[in-house]
Amino acid sequence: MSDWPTGYSKRILDEVDSTNAEAGRIAPTLTQPEWILGLRQTAGRGRRGRAWRDPQGNFAGTLVMRPAEPPDRMALRSFVASLALYDAFVAATGRTDAFTLKWPNDVLLNGRKVAGILLESAGFAGGMVSHIAIGIGINLAQAPDAETLESGSVAPVSLFSETGVKVTPEAFLDLLAPAYARYEEQFRTYGFEPIRTAWLAKAARLGEVITARTQRDETVGTFETVDTDGNLVLKTPKGSVAIAAADVFF
């Protein structure tokens with residue numbers, strides 16, 4: 001535990017409904033950022049309220065913080081968390097070439113989804129967010145059935161099935177927490193630009209044609225970049241289009 005980051009606390013729960021829900025419950029009493037790890041999660045959820053399965057041995061955790069920042073800055077922490085996940089995976093496996101980052105909040109292993117991030121915030125006051133919950137789900141041991149996913153979604157995979165590496169949720173948290181603390185310090189000190197640059201260096205399908213789908217429409221174009229606000233930028237026949245929130249398919 002000598003590498004556990006200073007200024008971050010940790011709680012491990014044998015069972016919890018949702019680590020993001022637990023984050024919301026404890027946020028008002030926080031005195032410092034806290035990692036919550038649920039060894040069994042009974043009501044996990046993904047983006048847009050989708051169910052998130054947590055088979056035994058997988059990772060279900062949340063970092064809850066109270067940085068008192070505007071919502072647009074809070075949203076950029078999906079990139080901070082993605083980079084921390086990348087470093088933790090590399091530390092666990094010794095492999096740097098197998099992992100890529102999928103906008104806005106997934107990590108891919110050999111082109112398939114191994115981890116996802118869910119950001120939730122609450123307590124708007126004076127234009128600031130009172131707390132943020134960075135929920136992270138990782139297929140360490142098992143991957144969900146592809147049949148349960150939305151058509152066209154990236155197929156899931158587990159860390160163990162692809163690499164043969166066995167790592168417990170507790171051990172992975174001990175890799176993830178210090179990696180996150182490093183990028184958080186960089187983000188707070190230097191802003192989003194170095195985070196953006198590092199993220200783009202690991203981005204999946206950069207320069208390739210992808211589809212960004214919202215609940216209202218979809219945009220097909222070449223993945224040009226991520227802009228300074230964290231938006232996905234696609235080059236289309238009608239010009240460059242910046243997309244703030246969408247599901248990406250390829």
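Just the heavy atoms: all of them, side chains too, but no hydrogens, waters or symmetry mates, feed the values below. All residue numbers in this chain count up from 1 along the given sequence.
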Test item: Lys10 and Asp174 side chains (from C-beta on) under 4.5 Å apart, heavy atoms: yes
State, with a plain yes or no, whether a side-chain heavy atom of Thr19 is found less than 4.5 Å away from one of Val64. no
Would you find a donor on one side and an acceptor on the other, under 3.5 Å apart, between the side chain of Asn58 and the backbone of Gln142? yes
Distance (rounded to the nearest 0.5 Å) between Leu109 CG and Ser161 OG: 7.5 Å
Decide whether Leu200 and Ile195 are clustered together by the hydrophobic rule: side chain heavy atoms of Ile, Leu, Val, Met, Phe, Trp, Tyr closer than 4.5 Å, transitively. yes
Is the shortest side-chain heavy-atom distance between Glu208 and Phe223 below 4.5 Å? no
Got Asp87 and Arg182 here, is their nearest side-chain heavy-atom distance under 4.5 Å? yes
With hydrophobic residues grouped by side-chain heavy-atom distances under 4.5 Å, do Ile136 and Ile26 end up in a single group? no
Working note: Phe192 + Phe79, criterion ring-ring contact (aromatic ring centres under 6.0 Å, His included); need CA distance, chi angles, decisive distance, verdict. CA-CA 9 Å; Phe192 182 53; Phe79 298 94; 5.3 Å; yes
I'd like to know if the side chain of Asp227 and the backbone of Asp229 have a donor-acceptor N/O pair within less than 3.5 Å. yes
For a quick test of reading the model, state the closest non-hydrogen atom pair linking Met65 to Pro33 and the distance between them. CG-CB, 3.6 Å
When you compare the side chain of Glu170 with that of Leu37, does any pair of heavy atoms fall below 4.5 Å? yes
Give a yes or no answer on whether the side chain of Trp103 reaches the backbone of Ala246 with a donor-acceptor pair at less than 3.5 Å. no
Between OG1 of Thr197 and NZ of Lys202, what distance do you get to the nearest 0.5 Å? 10.5 Å
Distance-only, no hydrogens or angles: does the Asn105 side chain make a donor-acceptor pair with backbone N or O of Leu118 under 3.5 Å? no
Transitive ILVMFWY side-chain link Ile36 to Val16, under 4.5 Å: yes
Find out if a path of hydrophobic residues (ILVMFWY) with successive side-chain heavy-atom gaps under 4.5 Å connects Tyr8 to Leu173. yes
Within one Ile-Leu-Val-Met-Phe-Trp-Tyr cluster: Leu101 and Ile243, side-chain cutoff 4.5 Å: yes
Spacing of CD1 belonging to Ile117 relative to CG belonging to Leu63, to within rounding of 0.5 Å: 11.5 Å
Partners passing salt bridge (charged side-chain N to carboxylate O under 4.0 Å, His left out) against Arg196 (at least two apart in sequence or in another chain): Glu193
Determine, step by step, whether Gln186 and Tyr190 satisfy the side chain to side chain donor-acceptor pair (under 3.5 Å) criterion, reporting the C-alpha distance in whole Å, the side-chain angles of both residues, the deciding distance to 0.1 Å, and the verdict. CA-CA 6 Å; Gln186 184 182 66; Tyr190 301 106; over 6 Å; no
Euclidean distance, Asp247 CG relative to Glu218 CD, rounded to 0.5 Å: 11.5 Å
Could you please spell out the steps behind the side-chain contact (heavy atoms from CB on, under 4.5 Å) verdict for Phe172 and Ile138? CA-CA 10 Å; Phe172 196 88; Ile138 307 170; 3.3 Å; yes
Are Arg77 and Glu69 close enough for a salt bridge, meaning some N to O gap below 4.0 Å? yes
For Glu34, give me all partners under salt bridge (charged side-chain N to carboxylate O under 4.0 Å, His left out), at least two apart in sequence or on another chain. Arg11
Which pair of non-hydrogen atoms, one from Ala212 and one from Leu234, has the smallest distance, and what is that distance? CB-CD1, 4.1 Å
Backbone N/O of Leu85 and side chain of Tyr180: donor-acceptor pair under 3.5 Å: no
Provide the closest heavy-atom pair for Ala27 versus Arg66 in the form atom of the first, atom of the second, distance. O-CD, 3.1 Å
Side chain to side chain, Val248 and Leu232, heavy atoms closer than 4.5 Å: yes
